[in-house]
Visitor: 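I have a structure I would like to understand better, so I am pasting it below and will then ask my questions one at a time.
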Amino acid sequence: MTLRLFNTLSGQLDPLTPSDGKTLRMYACGPTVYDYGHIGNFRTFLQIDVLRRFLRLAGMEVRHVMNITDVDDKIIRNAAAAGVPIGAYTAKYEQAFFEDLEALRVERPEQIARATEHIPRMVELVERLAEKGAAYRTEDGSWYFRLAAFPAYGKLSKKDLSGMEDGARVDVDEYEKDSARDFALWKAAKPGETSWETSIGRGRPGWHIECSAMAMTYLGESFDLHAGGEDLMFPHHENEIAQSETATGKQFARHWMHVRFLLVDGRKMSKSEGNFYTLRDLLLKGYKASAIRLALISVPYGRQLNFTFDGLIEATNAIERLRTFRARLTDGAFAAGENPVLQAAAKQASVDYREALADDLNTAGARAPVFELVRSANTAMDQGQLFIRDRDAILAVLKDFDAVFDVIEDRDAEPTRRALAWAEQAGRMGDVAPELLARQSITDEQVDALLAERVQAKKQRNFARADAIRNELTQKGIVIEDSKDGVRWKRR
RNA sequence: GCACCGGUGGCGAAGUGGUUAACGCGCGAGUCUGCAAAACUCGUACGCGCGGGUUCGAUUCCCGCCCGGUGCUCCA
């Protein structure tokens, strides 16, 4: 099954295929580690995770490289303010970033590339450009890319630079550039700033050269796919193309994928708007990591997603339906045999699910056949018309669903526990929702003990006591389900 | 100003030139239950932003308009 993925470069749906026929080589722009990640960041990484998981479900191998920008203006500024070396400053946020990815079940790329560990490769690339006359050094020792050297500039973002004036806005530090649009490849060291002594002088890399150099290091001069947030299309990706293709004379990435922005309550998320949320903020408010994951991936990557708390609740409830359903299948006792109607339904769901994803990663469309199967299987179970082979066929569909969505298997306790531990240590306990604390106040063993007592009470038809226990548990976020197969409970 | 994306039920959202416009959440009624929960059944858009056009026929194609968002500067 081939994925047809919108290609920003061609402006149409193109099949995404590995040029070597085997392993898809992809590069995705990672974070700048100067703060905790917010949910907008994570929507992008989550959607790229959907991509790589689907490719592997479809039988493709993936070699995915992600950079970590661990040197830039903000980092230098913040580290200086905190009075620590940039390495110490970024290590904390890099670790937090990976913890957050883990909480959201985002798979680790095959290769992580830190900018500070690839300085020589960046310097080489600048030298290569200089040899071709596409890079020049200014008086202060910085290096710039000469836009005039790359006539195709603008082909990705479809910008016609000829109509654009060299703006009035000229950075005071950049007055020496040949043209206002020429961009920095290498920034000369300023006193006291972190810098590297290299053959092109003392300084530090520009942001764009970083990605070009690292992508080529791990994937070669030409590779299959480059992905990132839509905001990176211009100028970052455009600049990457210009410098890379000028240096090598080859096409840089064949396919470009851009994840659309996330809005919060219909507005772009920003600290000044007061609608800015990190993953940790949401976990402390009591939302589950799985719900956040599902909410952020259920709207296909090519569309803006309007994030709301109602959406998070919707996702929570949808996941509950799936989890309850699967528990019914795994806990129940079924007779041998099969129901041809369900066999056909499972097969159809599996096909429809994959086809939706293969169509430009239509996650919203892919959910539908799975939920349809849930309903028909629930109906069959109610009627005693679901058999062992049906159960197995349906569980296989759920497994495929989780291979990409990864929300049915309940792994929510750990991220919440870790967020609470972090809040404690970071002095953020005041941000923890009271309901979350109430939920944490009872252990699994205590729940089991109370439920055992309730079963006894019910047997003696002491419903007052039974209901009192249920109420007490409800207060602590425990939901009870009495079924023919026994009592099931879960945490809200 | 220029460019791009979108406007489908109470909310999110899929989709199609032509039978009953997916799916999820919510809500209402019922079945089941000691009562719940879960599950199931039924109901919940006389309609797919507005106005034209093309067509035997448009929510789906074309044009215009309105509204929302984003990009054009650091930003996932």
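Only a predicted model underlies this, so the values are computations on that prediction, with no experimental measurement involved. Sequence lines set the chain letters: A, B, ... in the order given, protein chains first and strands last, and positions in each chain run from 1.
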Visitor: In terms of side-chain geometry, is the basic nitrogen of A:Asp406 or A:Arg53 positioned less than 4.0 Å from the acidic oxygen of its partner?
Guide: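 A:Arg53 and A:Asp406: salt-bridged.
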Visitor: When you get a sec, tell me which of B:C75, B:A76, B:G34 is the closest nucleotide to the side chain of A:Trp207?
Guide: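 That would be B:C75.
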Visitor: A:Lys268 side chain N/O closer than 4.0 Å to the phosphate oxygens (OP1, OP2) of B:G71?
Guide: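 A:Lys268 to B:G71 OP1/OP2: side-chain N or O found under 4.0 Å.
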Visitor: What stems involve RNA chain B, if each pair must be Watson-Crick or G-U and both of its distances must be under 3.5 Å, with 3 or more such pairs in a row?
Guide: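 For RNA chain B the paired stretches long enough to count as stems (3 pairs minimum) are B:1-7 with B:66-72, B:10-12 with B:23-25, B:26-31 with B:39-44, B:49-53 with B:61-65.
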Visitor: What is the distance from CG of A:Asp467 to C1' of B:U33, rounded to the nearest Å?
Guide: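 The distance from CG of A:Asp467 to C1' of B:U33 comes to 12 Å, rounded to the nearest Å.
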Visitor: Going by side-chain hydrogen bond (donor to acceptor under 3.5 Å, both in side chains), A:Tyr301 matches just one of A:Asn362, A:Asp360, A:Thr44. Which one?
Guide: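 The passing option is A:Asp360.
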Visitor: Output the single nucleotide from B:C5, B:C23, B:A76 whose closest atom is nearest the side chain of A:Ala368.
Guide: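 Ranking B:C5, B:C23, B:A76 by closest atom to the A:Ala368 side chain puts B:C23 first.
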Visitor: Using atom P in both nucleotides, what's the gap between B:U60 and B:G1 to the nearest angstrom?
Guide: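 B:U60 and B:G1 have their P atoms separated by 27 Å.
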Visitor: Side chain of A:Asp382: nearest nucleotide among B:C40, B:A76, B:A13?
Guide: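 Out of B:C40, B:A76, B:A13, the nucleotide with an atom closest to A:Asp382's side chain is B:C40.
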Visitor: So, is A:Asn41 near the phosphate of B:A76, with a side-chain N or O under 4.0 Å from OP1 or OP2?
Guide: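 Result: yes.
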Visitor: Does A:Ser157 or A:Asn378 map to a spot on RNA chain B nearer the 5' end, using the closest nucleotide for each?
Guide: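 Here A:Ser157 is the residue nearer the 5' end.
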Visitor: Using atom P of each nucleotide, how far apart are B:G52 and B:U44 to the nearest Å?
Guide: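 Result for the P pair: 29 Å, nearest Å.
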Visitor: I'd like the P distance from B:U16 over to B:U59, given in whole Å.
Guide: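 My reading of the P atoms in B:U59 and B:U16 gives 16 Å.
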Visitor: Regarding A:Lys158 and A:Glu238, does a basic nitrogen lie under 4.0 Å from an acidic carboxylate oxygen?
Guide: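 No, no charged N to carboxylate O under 4.0 Å.
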Visitor: Roughly how many Å is it from CE in A:Met269 to P in B:C75, rounded to a whole number?
Guide: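 One finds 15 Å between P of B:C75 and CE of A:Met269, rounded.
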Visitor: With nearest nucleotides of RNA chain B determined for A:Val374 and A:Gly302 from heavy-atom distances, which residue corresponds to the more 5′ nucleotide?
Guide: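 First, find each residue's nearest nucleotide; the 5'-ward one identifies A:Gly302.
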Visitor: Taking only the side-chain heavy atoms of A:Lys458 (C-beta and beyond), determine which of B:G34, B:A36, B:A14 contains the nearest atom.
Guide: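 When the side chain of A:Lys458 is considered, B:G34 is the closest of B:G34, B:A36, B:A14.
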Visitor: Check the distance between B:A39's P and A:Leu373's CG and give it to me in whole angstrom.
Guide: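 Going from A:Leu373 (CG) to B:A39 (P), I get 15 Å.
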Visitor: Does the pair A:Arg454/A:Asp482 count as a salt bridge with the N-to-O cut at 4.0 Å?
Guide: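 A salt bridge links A:Arg454 with A:Asp482.
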Visitor: A:His236 near the nucleic acid: base, sugar-phosphate alone, or nothing, with a heavy-atom cut-off under 4.0 Å?
Guide: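 Answer is nothing: A:His236 stays at 4.0 Å or more from every strand.
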Visitor: Report the distance from atom CG of A:Leu294 to atom P of B:G12, rounded to the nearest whole Å.
Guide: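 Atom CG in A:Leu294 sits about 16 Å away from atom P in B:G12.
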Visitor: Below 4.0 angstrom from OP1 or OP2 of B:G12, is there any side-chain N or O of A:Arg303?
Guide: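 It does not, given that no N or O in the side chain of A:Arg303 lies less than 4.0 Å from OP1 or OP2 of B:G12.
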Visitor: Under 6.0 Å between ring centres: does that hold for A:Tyr93 and A:Tyr36?
Guide: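 Yes: the rings meet the under 6.0 Å criterion.
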Visitor: Flag the pair A:Arg328 and A:Asp382 as a salt bridge only when some basic side-chain nitrogen lies within less than 4.0 angstrom of an acidic carboxylate oxygen.
Guide: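 Salt bridge between A:Arg328 and A:Asp382, a charged N being under 4.0 Å from a carboxylate O: yes.
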Visitor: Have a look at A:Pro300 and say if it touches a base, only the backbone sugar-phosphate, or nothing, with a 4.0 Å heavy-atom cut-off.
Guide: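 Sugar-phosphate contact only.
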Visitor: Please report the closest heavy-atom contact between A:Phe234 and A:Arg181, naming both atoms and the distance.
Guide: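 Shortest heavy-atom separation between A:Phe234 and A:Arg181 comes out as CZ-NH1, 3.6 Å.
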Visitor: When the C1' atoms of B:C25 and B:U19 are compared, how many Å lie between them, rounded to an integer?
Guide: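 Pairwise C1' distance, B:U19 against B:C25, rounds to 29 Å.
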Visitor: Whole angstrom is fine here: how far is it from CZ in A:Arg454 over to P in B:G34?
Guide: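 After rounding, the reported distance stands at 12 Å.
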Visitor: Tell me: CZ of A:Phe234 to C1' of B:C2, nearest whole Å?
Guide: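 Rounded to the whole Å, the gap is 13 Å.
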Visitor: Shorter than 3.5 Å, N or O on both sides, protein versus nucleotides 24-26 of chain B: list them out with atom names.
Guide:
residue, atom, partner, partner atom, Å
B:G24, O2', A:Glu314, OE2, 2.6
B:G24, O2', A:Arg367, NH2, 3.1
B:C25, O3', A:Asn317, ND2, 3.2
B:G26, OP1, A:Asn317, ND2, 3.3

Visitor: Closest to the A:Thr44 side chain: B:C35, B:A76, B:C72?
Guide: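 From the listed options, B:A76 comes nearest.
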Visitor: Pick base, sugar-phosphate or nothing for A:Glu320, based on heavy-atom distances below 4.0 Å to the nucleic acid.
Guide: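 A:Glu320: no heavy atom of the nucleic acid under 4.0 Å.
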Visitor: Base, sugar-phosphate alone, or nothing: which one does A:Ser483 contact when heavy atoms must sit under 4.0 Å apart?
Guide: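 The residue A:Ser483 makes no contact with any strand.
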Visitor: Looking at A:Lys74 and B:C75, is any side-chain donor or acceptor paired with a base atom of the opposite kind under 3.5 Å?
Guide: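 It does not, because no donor-acceptor pair links the side chain of A:Lys74 to the base of B:C75 below 3.5 Å.
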Visitor: Write down the distance separating the C1' atoms in B:G15 and B:A22, rounded off to the nearest Å.
Guide: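 B:G15 and B:A22 have their C1' atoms separated by 7 Å.
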Visitor: Does A:Arg43 contact B:A76 through a side-chain donor or acceptor facing the base, at a distance under 3.5 Å?
Guide: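 By the distance-only test, no, there is no pair.
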Visitor: Tell me which residues in residues 346-364 of chain A put a heavy atom below 4.0 Å from RNA chain B, sorted by number, or none.
Guide: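 The stretch gives A:Asn362, A:Ala364 as the residues lying under 4.0 Å from the strand, ordered by number.
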Visitor: Hey, does A:Gly40 reach any base, or is it just sugar-phosphate, or nothing, if we go heavy atoms under 4.0 Å?
Guide: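 Counting heavy atoms under 4.0 Å across all strands, the contact made by A:Gly40 includes a base.
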Visitor: What integer number of Å spans the C1' atoms of B:A45 and B:A14?
Guide: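 15 Å, rounded to whole Å.
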Visitor: Counting side-chain heavy atoms from CB outward, which of B:A38, B:A36, B:C75 is closest to A:Asp482?
Guide: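 Comparing B:A38, B:A36, B:C75 against the side chain of A:Asp482, the answer is B:A36.
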Visitor: Between A:Glu94 and A:Arg114, is the closest basic N to carboxylate O distance under 4.0 Å?
Guide: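 Judged by the 4.0 Å cut-off on N to carboxylate O distance, A:Arg114 and A:Glu94 do form a salt bridge.
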Visitor: Please work out if A:Val259 contacts a base, only the sugar-phosphate, or nothing of the nucleic acid, heavy-atom cut-off 4.0 Å.
Guide: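 Touches nothing.
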Visitor: Starting from C1' on B:C5, measure out to NZ on A:Lys158 and report it in whole angstrom.
Guide: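 The answer, rounded to whole Å, is 14 Å.
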Visitor: For a quick check of understanding: with a heavy-atom distance under 4.0 Å over all strands, which category does A:Leu263 fall into, base, sugar-phosphate or nothing?
Guide: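 Sugar-phosphate: the residue A:Leu263, judged by heavy atoms under 4.0 Å, touches backbone atoms but no base.
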Visitor: In this structure, is the centre-to-centre distance between the rings of A:His237 and A:His258 below 6.0 Å?
Guide: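 Yes - the distance between ring centres of A:His258 and A:His237 falls below the 6.0 Å cut-off.
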Visitor: Salt-bridged, A:Glu320 to A:Lys288, with N to O below 4.0 Å?
Guide: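 Between A:Lys288 and A:Glu320 there is a salt bridge, with a charged N closer than 4.0 Å to a carboxylate O.
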Visitor: Return no unless some side-chain N or O of A:Arg181 is found under 4.0 Å from OP1 or OP2 of B:C72.
Guide: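 So the side chain of A:Arg181 is outside the cut-off, no N or O lying under 4.0 Å from OP1 or OP2 of B:C72.
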Visitor: When rounded to the nearest Å, what value does the distance between C1' atoms of B:U8 and B:U31 take?
Guide: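 Result for the C1' pair: 33 Å, nearest Å.
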Visitor: Give me the one residue out of A:Tyr27, A:Phe223, A:Phe150 that meets ring-ring contact (aromatic ring centres under 6.0 Å, His included) with A:Phe252.
Guide: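 Checked A:Tyr27, A:Phe223, A:Phe150 against A:Phe252; only one passes ring-ring contact (aromatic ring centres under 6.0 Å, His included): A:Phe223.
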Visitor: If every non-hydrogen atom of A:Ala364 is compared with every non-hydrogen atom of A:Pro300, which pair is closest and at what distance?
Guide: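 For A:Ala364 and A:Pro300, the tightest heavy-atom pair comes out as CB-CD, 4.0 Å.
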Visitor: Roughly how many Å is it from CG in A:Asp265 to C1' in B:C11, rounded to a whole number?
Guide: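 The answer, rounded to whole Å, is 13 Å.
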Visitor: Reckon A:Val299 touches a base, only the sugar-phosphate, or nothing at all at heavy-atom distances under 4.0 Å?
Guide: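 Sugar-phosphate, backbone atoms only, no base.
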Visitor: Tell me if the NZ atom of A:Lys285 is crowded by more than 12 foreign heavy atoms within 6.0 Å.
Guide: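 For A:Lys285, atom NZ is not crowded (no more than 12 foreign heavy atoms under 6.0 Å).
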Visitor: Distance check, P atoms only: B:C50 and B:G7, in whole angstrom units.
Guide: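 My reading of the P atoms in B:C50 and B:G7 gives 13 Å.
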Visitor: Using the rule salt bridge (Lys or Arg N to Asp or Glu O under 4.0 Å), only one of A:Arg323, A:Arg293, A:Arg326, A:Arg105 pairs with A:Glu409; which is it?
Guide: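 Option passing the salt bridge (Lys or Arg N to Asp or Glu O under 4.0 Å) with A:Glu409: A:Arg326.
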Visitor: I need the single residue from A:Asn7, A:Thr8, A:Leu13 that forms a side chain to side chain contact (heavy atoms under 4.5 Å, CB included) with A:Ser10. Which is it?
Guide: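 Single pass found, and it is A:Asn7.
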